[in-house]
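Here the structure is laid out as structure tokens; the discussion comes afterwards.
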Amino acid sequence: MAKKKLVVFTGAGISAESGIKTFRDSGGLWEEYKIEDVATPSAWKKDPTLVTQFYNLRRKQVMEAKPNAAHYFFAELQNTYDVLIITQNIDDLHERAGSKNVLHLHGEIMKVRSTLNENLIYDLKKWEVKMGDKCEKGSQLRPHIVWFGEMVPNMDKAVTMVQEAEIFVTVGTSLNVYPAAGLVEIPGPDVPKYILDPGTFDLKHIANLTHIREKAGDGVKQLGSFLVA
Ligand code: APR
């Protein structure tokens, strides 16, 4: 029998227990930095060195971090479900835990790309990118990140994946950033939906939704009991 399609939509909260800061919690990254200084096309235009340094730090932290119980839970779930992960995270912790189908909506920190041709994308093995590091055509490399104000190239693919979901799980996102946050509105009323996050949400209008109000590591245990039931 074909495995059921389980789509998991993740945000910064799933990587919090790996030691990577979220953005909007107290002590989050956007308290330390201003979005407009480091995560927009005009920030890059104004001060590419600062932007490069900001993402170098993010990359160093990601390389030092390890997947946690929640990342491993969804990797293991591939044995019983056809698991598709849509993540807003730029880290590679889902992949390192063993998840095979991971779609990144907001880019990937372990990649850089040409500022001349967006299709020239390179894998990084080290954390530091320097000003003067160039693509094969001779233009400066920039982080392979979707900045505020930029299009989300993988959005259409994500919408199709969610439309086909037979079970839909959201983990660790404040649902503040669009268009990604709109994905939770897509699955129909018959699709069982779970949101795993210690925060509060006003999602009463969404049918068939269970809120597991826990941190990801503990919450996946509860989620597991729902999924085998
Ligand atoms: N386990 C699960 N969820 C957690 C945990 C945890 N241990 N700790 C915090 N959370 C939850 C918070 O309750 C919150 O709902 O994670 C969420 C983090 O929200 P944000 O910081 O807003 O992160 P996210 O939703 O991923 O942000 C979306 O904003 O700045 C951008 O591009 C960036 O992709 C990011 C996007």
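Computed from a predicted structure; not experimentally measured. In each ligand, atom 1 is the first atom listed, and ligand 1 is the first ligand listed. Scope of the values below: all heavy atoms of this structure, side chains included, with no hydrogens, waters or symmetry mates.
The pair Glu32-Lys21 meets the salt-bridge criterion, since a charged nitrogen lies less than 4.0 angstrom from a carboxylate oxygen. Contact check on Lys5 versus Glu164 returns a salt bridge, with a Lys/Arg side-chain nitrogen under 4.0 Å from an Asp/Glu carboxylate oxygen.
Two residues are said to be in side-chain contact when any heavy atoms from C-beta on lie closer than 4.5 Å; Phe168 and Val184 meet this criterion. Between Lys66 and His71, every side-chain heavy-atom pair lies at or beyond the 4.5 Å cut-off.
Given atom 35 (C) of ligand 1, the protein heavy atom at minimum distance is Phe23 CE1, 3.5 Å. In terms of protein heavy-atom proximity, atom 28 (C) of ligand 1 is closest to Gln88 OE1, 3.4 Å. The nearest protein atom to atom 8 (N) of ligand 1, hydrogens excluded, is given as Ala16 CB, 3.9 Å; this is a heavy-atom distance. Looking at atom 25 (O) of ligand 1, its nearest protein heavy atom turns out to be Thr173 OG1, 2.7 Å. Among protein heavy atoms, the minimum distance from atom 26 (O) of ligand 1 is reached at Ala12 N, 2.8 Å. Of all protein heavy atoms, the one closest to atom 9 (C) of ligand 1 is Asp25 OD2, 3.2 Å. Nearest protein heavy-atom contact of atom 7 (N) of ligand 1 is Glu17 OE1, 3.1 Å. Considering only non-hydrogen protein atoms, atom 15 (O) of ligand 1 sits nearest to Asp197 OD2, 2.8 Å.
Annotation: Asn176 places no N or O atom under 3.5 Å from an N or O atom of ligand 1; distance criterion only. Taking only nitrogen or oxygen atoms, main chain and side chain alike, Ala216 reaches within less than 3.5 Å of ligand 1. At a 3.5 angstrom cut-off on N or O pairs, Lys215 does not count as close to ligand 1. Checked against a 3.5 angstrom limit, the closest N/O atoms of Leu196 and ligand 1 fall outside it. Looking at Gly11 next to ligand 1, no N or O pair under 3.5 Å apart turns up.
One option in Gly107, Ser174, Gly13 has a heavy atom closer to atom 4 (C) of ligand 1 than any other, and that option is Gly13. Selection from Trp147, Phe201, Trp30, Tyr178 by nearest heavy atom to atom 30 (O) of ligand 1 gives Trp30. Between atom 32 (O) of ligand 1 and the options Arg24, Glu214, His106, the minimum heavy-atom separation is to His106.
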| Can Val159 and Leu183 be said to form a side chain to side chain contact (heavy atoms under 4.5 Å, CB included), step by step? | CA-CA 7 Å; Val159 168; Leu183 291 174; 4.1 Å; yes
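The CG atom of Leu223 lies 4.5 Å from the CD1 atom of Ile212; values are rounded to the nearest 0.5 Å. The line from CZ of Phe9 to CD1 of Ile14 is 12.0 Å long, rounded to the nearest 0.5 Å.
Below 4.0 Å from some heavy atom of Gly172 lie the following atoms of ligand 1, by number and element: 3 (N), 16 (O), 17 (C), 18 (C). Contact atoms of ligand 1 toward Phe148: 30 (O), 31 (C) (distance under 4.0 Å to a heavy atom of the residue). Close approach of ligand 1 to Gly199 (heavy-atom distance below 4.0 Å) involves ligand atoms 13 (O).
The number of heavy-atom neighbours closer than 6.0 Å to CD of Glu128, taken from other residues, nucleotides and ligands shown, is above 12.
Scanning both residues, Gln140 and Lys130, for their nearest heavy atoms gives NE2-O, 3.4 Å. Ile206 and Lys193 get closest at one heavy-atom pair: CG2-CD, 3.5 Å.
Checking Gln222 against Tyr194 by side-chain atom types alone, no donor-acceptor pair falls below 3.5 Å.
In this structure, Pro198 is part of the shell of residues with a heavy atom less than 4.0 angstrom from ligand 1. Look at Val177 and you'll find a heavy atom under 4.0 Å from some atom of ligand 1.
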Side-chain polar contacts of residues 79-91 - donor-acceptor pairs under 3.5 angstrom, sequence neighbours left out - could you list them?
| residue | atom | partner | partner atom | Å |
| --- | --- | --- | --- | --- |
| Asn79 | ND2 | Glu76 | O | 3.2 |
| Thr80 | OG1 | Leu77 | O | 3.3 |
| Tyr81 | OH | Leu227 | O | 2.8 |
| Thr87 | OG1 | Thr10 | OG1 | 2.7 |
| Thr87 | OG1 | Asn89 | N | 2.9 |
| Gln88 | NE2 | Thr10 | O | 3.4 |
| Gln88 | NE2 | Thr173 | OG1 | 3.0 |
| Asn89 | OD1 | Ala12 | N | 3.0 |
| Asn89 | ND2 | Gly11 | O | 3.0 |
| Asp91 | OD1 | Leu93 | N | 3.0 |
| Asp91 | OD2 | Ser15 | OG | 2.7 |

Could you pull out every donor-acceptor pair under 3.5 Å between side chains of residues 143-155 and any protein atom, sequence neighbours left out?
| residue | atom | partner | partner atom | Å |
| --- | --- | --- | --- | --- |
| His144 | ND1 | Arg113 | NH1 | 3.0 |
| Trp147 | NE1 | Tyr55 | OH | 3.2 |
| Glu150 | OE1 | Arg142 | NH2 | 3.3 |
| Glu150 | OE1 | Trp147 | N | 2.8 |
| Glu150 | OE2 | Arg142 | NH1 | 3.0 |
| Asn154 | ND2 | His104 | O | 2.9 |

